[in-house]
Amino acid sequence: MNVLITGGAGFIGSNLVHYISQFRPNWNMTVVDLLTYAGNLQNISSVLEGPKCKFVRADIADSAAMSKVFSSTRFDLVFHLAAESHVDRSIMGASAFVRTNVLGTQTLLDLARSSDVQRFVHVSTDEVYGSLGREGRFVETTPLDPTSPYAASKAASDLMVLACYKTHRFPVLVTRCTNNYGPYQFPEKFLPLFISNALEDKKLPLYGDGTNVRSWIHVNDHCEGLLRVAEKGREGEVYNLGGEEAAELENRYVAELLLQALKKPKELIEFVKDRPAHDLRYAVDCSKAQRELGWMPAISFEEGLQETVKWYSENRVWWEAIKSGEYLSYYQENYGERLSS
Ligand code: NAD
Ligand code: TDX
């Protein structure tokens with residue numbers, strides 16, 4: 001079985017590479033990643049040392065480069081994760097999001113279709129549905145109503161992927177997952193940013209009044225969901241994947257929990273100017289994945305958060321190296337005027 005994983009040096013992609021290496025040890029993996037600011041080969045270095053995984057640095061929107069990748073191996077399965085993935089960066093500038101998330105996805109679809117790929121799993125997000133009020137859940141048929149440029153670019157890519165099935169019967173599957181957490185997450189996202197800032201005794205910049213709700217899922221539960229979708233999902237279908245109900249939590253509460261775990265004072269939290277069009281709440285109904293694939297998240301948020309806090313505490317070298325250079329300019333641009341010091 002030959003598997004192409006795009007974005008395999010990023011957060012979820014690298015966890016998927018480790019997961020496959022452990023649970024599908026016979027699969028041959030090819031990782032394609034441009035190694036943008038978010039990609040880090042160290043995340044998968046141990047797997048790359050073995051015989052089952054090779055790496056190609058390439059831009060998924062570069063059809064000549066990607067054409068070489070598809071002609072070097074006949075892939076049975078594609079997991080497409082490469083993306084610009086951070087909402088705040090999409091607010092600062094949307095073009096890279098359109099290029100990678102929309103054009104890059106279409107480039108892959110064209111090449112995968114002409115090289116007879118058997119399954120194409122497009123890894124999308126619950127953010128394409130927009131924002132929920134305090135009640136209710138997104139189901140797979142909820143109309144798409146994205147609010148950020150990031151979410152709009154992912155929604156556009158979902159529609160191109162689904163159109164490829166409708167028009168050409170190309171065997172695609174789309175997943176829409178809630179907020180992931182775990183090892184190797186770039187410290188611009190809420191949890192690794194807050195954990196690493198707390199470890200450095202820096203302020204935790206909480207947007208608005210901190211009552212926005214996210215549904216948290218451990219990245220390994222997401223990886224298991226992706227394997228089930230690839231192996232058992234129905235072609236042309238969308239599957240929501242998300243955390244347990246108990247992991248639907250207000251940001252403020254999660255910030256306090258992680259401070260407790262690190263034995264740091266609540267006073268590190270600073271309420272700052274809100275993100276524009278900040279979605280109030282995400283929560284997905286995963287009953288389709290449960291019914292059709294027998295999938296459910298297995299890691300409780302309580303357990304997963306403790307383990308994640310421990311990982312960032314023990315792997316300071318990993319995130320300290322990232323929190324330099326380009327990261328500092330991004331941090332200044334996004335938080336400079338928001339934070340008091
Ligand atoms: P990430 O930003 O950590 O990783 C993205 C990876 O894609 C990086 O390694 C980067 O170098 C690579 N990349 C970016 N542009 C590229 C290009 N043009 N060509 C090749 N590679 C490129 O993102 P993540 O959090 O791991 O998310 C992975 C996927 O899962 C994304 O498609 C995202 O939309 C989706 N998703 C993420 C979450 C979440 O909570 N993080 C939840 C649901 C869905
Ligand atoms: O500094 C911050 N302060 C803050 O209060 C940051 C970075 C975030 N937040 C809030 C905003 C959100 O309500 O925390 C919540 C989570 O923020 P992000 O980590 O930026 O994630 P979110 O906007 O929810 O989007 C995430 O989930 C879906 C991922 O970044 C996407 O890639 C994924 O598709």
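All residue numbers refer to positions in the sequence shown, counting from 1.
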What I want to find out is whether Glu270 reaches Arg338 closely enough, with some N-O distance under 4.0 Å, to be called a salt bridge. no

Do NZ/NE/NH1/NH2 and the carboxylate oxygens of Glu292 and Arg234 come within less than 4.0 Å? yes

Side-chain (Arg176) to main-chain (Gly242) donor-acceptor, under 3.5 angstrom: no

Please tell me whether Tyr331 and Ile91 are part of a single hydrophobic cluster in this structure, the criterion being side-chain heavy atoms less than 4.5 Å apart. no

Under 4.0 Å between a side-chain nitrogen and a carboxylate oxygen: does that hold for Glu235 and Arg169? no

Is it true that Tyr19 and Leu48 fall in one hydrophobic cluster, defined by side-chain heavy atoms closer than 4.5 Å? yes

Close side-chain approach of Phe97 and Lys154, heavy atoms under 4.5 Å: no

Please tell me if the side chains of Arg134 and Val213 come closer than 4.5 Å, counting only heavy atoms from C-beta onward. yes

Let's go through Glu320 and Arg316 carefully: what are the C-alpha distance in whole Å and the side-chain angles of both, what is the deciding distance for salt bridge (Lys or Arg N to Asp or Glu O under 4.0 Å) to 0.1 Å, and is it a yes or a no? CA-CA 6 Å; Glu320 276 171 356; Arg316 283 186 84 115; 2.9 Å; yes

Is it possible for you to say whether Phe11 and Leu241 belong to one hydrophobic cluster, with membership spreading through side-chain heavy-atom contacts below 4.5 Å? yes

Residue set satisfying salt bridge (charged side-chain N to carboxylate O under 4.0 Å, His left out) with Glu140, at least two apart, ordered chain then number -> none

Has Asp76 got a side-chain atom pairing as donor or acceptor with Asn2's backbone, closer than 3.5 angstrom? yes

Keeping the roles fixed (side chain from Lys273, backbone from Glu337), state whether a donor-acceptor pair exists under 3.5 Å. no

Looking at CD of Gln306 and CZ of Phe301, how far apart are the two atoms once the value is rounded to the nearest 0.5 Å? 10.0 Å

Near Glu135 CD, under 6.0 Å, is it more than 12 heavy atoms from other residues, nucleotides or ligands? no

Test item: Arg113 and Cys164 side chains (from C-beta on) under 4.5 Å apart, heavy atoms: yes

Side chain Asn240, main chain Cys286, donor-acceptor under 3.5 Å: no

Within the structure provided, determine whether Asp33 and Arg57 are in side-chain contact (heavy-atom separation under 4.5 Å). no

Are Leu41 and Ile322 connected in a single hydrophobic cluster, I mean Ile/Leu/Val/Met/Phe/Trp/Tyr linked by side-chain heavy atoms less than 4.5 Å apart? no

Please check this pair: side chain of Asn334 against backbone of Arg89, looking for a donor-acceptor N/O pair closer than 3.5 Å. no

Salt bridge flag under 4.0 Å for residues Glu231 and Arg24: yes

So if you build clusters from Ile, Leu, Val, Met, Phe, Trp, Tyr with side-chain heavy-atom gaps below 4.5 Å, do Leu81 and Tyr37 land together? no

4.5 Å side-chain heavy-atom contact, Val161 and Leu109: yes

Any donor and acceptor pair, going by atom type alone, linking the side chain of Trp295 with main-chain N or O of Asp221 inside 3.5 Å? yes

Applying ring pair (Phe, Tyr, Trp, His ring centres under 6.0 Å), name anything that partners Phe190, two or more places apart in sequence or on another chain. Phe194, Trp216

What donor-acceptor contacts under 3.5 angstrom involve side-chain atoms of residues 250-258, with partners at least two apart or in another chain?
none

